[in-house]
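Letters A, B, ... are given to chains in the order of the sequence lines, protein chains preceding strands, and every chain is numbered from 1. Worth knowing before you read on, the calculation uses all heavy atoms, side chains too, and leaves out hydrogens, waters and symmetry mates.
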Protein chains: 2
Amino acid sequence: MSGPSRQLLDRLSDKWVNLTLNALADGPRRYTDLAKSVTGVSQKMLTQTLRTLERDGLVSRRVTAAVPVRVDYDLTPLGWTLMPLMYAVKEWAEVHIGEVEAARAAYDAAL
Amino acid sequence: MSGPSRQLLDRLSDKWVNLTLNALADGPRRYTDLAKSVTGVSQKMLTQTLRTLERDGLVSRRVTAAVPVRVDYDLTPLGWTLMPLMYAVKEWAEVHIGEVEAARAAYDAAL
DNA sequence: CAGAATCCTGGCCGATACTG
DNA sequence: CAGTATCGGCCAGGATTCTG
């Protein structure tokens, strides 16, 4: 595998992409809400991740003129086709973390 | 989401994990074969990725005494439960790269 | 063949300050 | 509120060399 789709896979493997997409699974979220629900993300990385996802057509950005301004992010139809896969990976991690930790313990004990 | 399963998700989001797991989808592979089929990976990163996957119980490492030595990597039963998800993500990238590139062109044109 | 060990650097990313 | 801009440290990871 190489070429453009390989670069896209690299992007999907970014640390914050899965978390951001999953945070949008329940519908539109405001910027500050995302910052809170994506644990550990810095302002810079959240903005950078959202910009990239927007440019790639996975996320939409809607600005509501007001004081202060309001910005809502949402998954696009294309983004929705990816979300189940991201969710499945996240779920896999939660379901199998116990087995992984057991494997680590066994591996470390064998040193 | 936070805690141990979050760390595991971070590891699954590593750049080389998806590619390495997918390279093992068709059965056991030798180290050098993996180095060739995982395009762009350095020896250091391949070894590091394989070690981590082995420690996490996703990949097995079998050494055959010979001159020169032979090492085969394979998915464990646990690794096999994750593989379909990694494959689906890789497939998604290949199927939707066109739409993503179109979205990028549209985004850039709107500047 | 399958790594281990070392050195070194680009760029990722957090922290901080500022703004419409 | 939702960002942008800038600076600097730190380390991921490439290149190289060496070995069982």
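- A heavy atom lying under 4.0 Å from DNA chain D marks none of the residues of residues 15-39 of chain B.
- Between A/Gln43 atom CD and A/Thr32 atom OG1 the span is 9.0 Å, to the nearest 0.5 Å.
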Chi angles and distances behind the salt bridge (charged side-chain N to carboxylate O under 4.0 Å, His left out) call for A/Asp72, A/Arg61 = CA-CA 6 Å; A/Asp72 289 275; A/Arg61 179 174 180 271; over 6 Å; no
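- Taking atom CD of residue B/Gln48 and atom C1' of nucleotide D/dA12, one finds them 8 Å apart after rounding to whole Å.
- Comparing C/dC13, D/dG20, C/dG3 against the side chain of B/Val71 picks out C/dG3 as the nearest.
- Listed nucleotides: C/dA2, D/dG13, D/dT4. Nearest to the side chain of B/Lys44: D/dG13.
- No donor-acceptor pair under 3.5 Å is formed between the side chain of B/Ser37 and the backbone N or O of B/Ala23.
- Here the P atom of nucleotide D/dA2 and the CZ atom of A/Arg51 are 12 Å apart, to the nearest Å.
- Straight-line distance from the CG atom of B/Leu46 to the P atom of D/dA12: 18 Å, rounded to whole Å.
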Worked verdict on A/Arg6 versus A/Asp10 for salt bridge (charged side-chain N to carboxylate O under 4.0 Å, His left out) | CA-CA 6 Å; A/Arg6 163 60 183 278; A/Asp10 287 347; 3.3 Å; yes
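- Using a 4.0 Å cut-off, some side-chain N or O of A/Tyr73 falls inside it from OP1 or OP2 of D/dG3.
- Checking B/Arg29 against B/Tyr73 by side-chain atom types alone, no donor-acceptor pair falls below 3.5 Å.
- Per the geometry, CG belonging to B/Asp10 stands 14 Å off C1' belonging to C/dC13, to the nearest Å.
- As judged by a 4.0 angstrom heavy-atom cut-off over every strand, A/Gln43 is placed among the base-contacting residues.
- An OP1 or OP2 oxygen of D/dA2 is reached within less than 4.0 angstrom by no side-chain nitrogen or oxygen of A/Arg61.
- Mapping A/Pro68 and B/Thr47 onto DNA chain C by nearest heavy atom places B/Thr47 at the nucleotide closer to the 5' end.
- A salt bridge links A/Asp56 with B/Arg104: at least one charged nitrogen is closer than 4.0 Å to a carboxylate oxygen.
- Between B/Asp72 atom CG and C/dC1 atom P there is a gap of 14 Å when expressed in whole angstrom units.
- Side chains of B/Tyr31 and B/Thr47: a donor on one and an acceptor on the other come within 3.5 Å.
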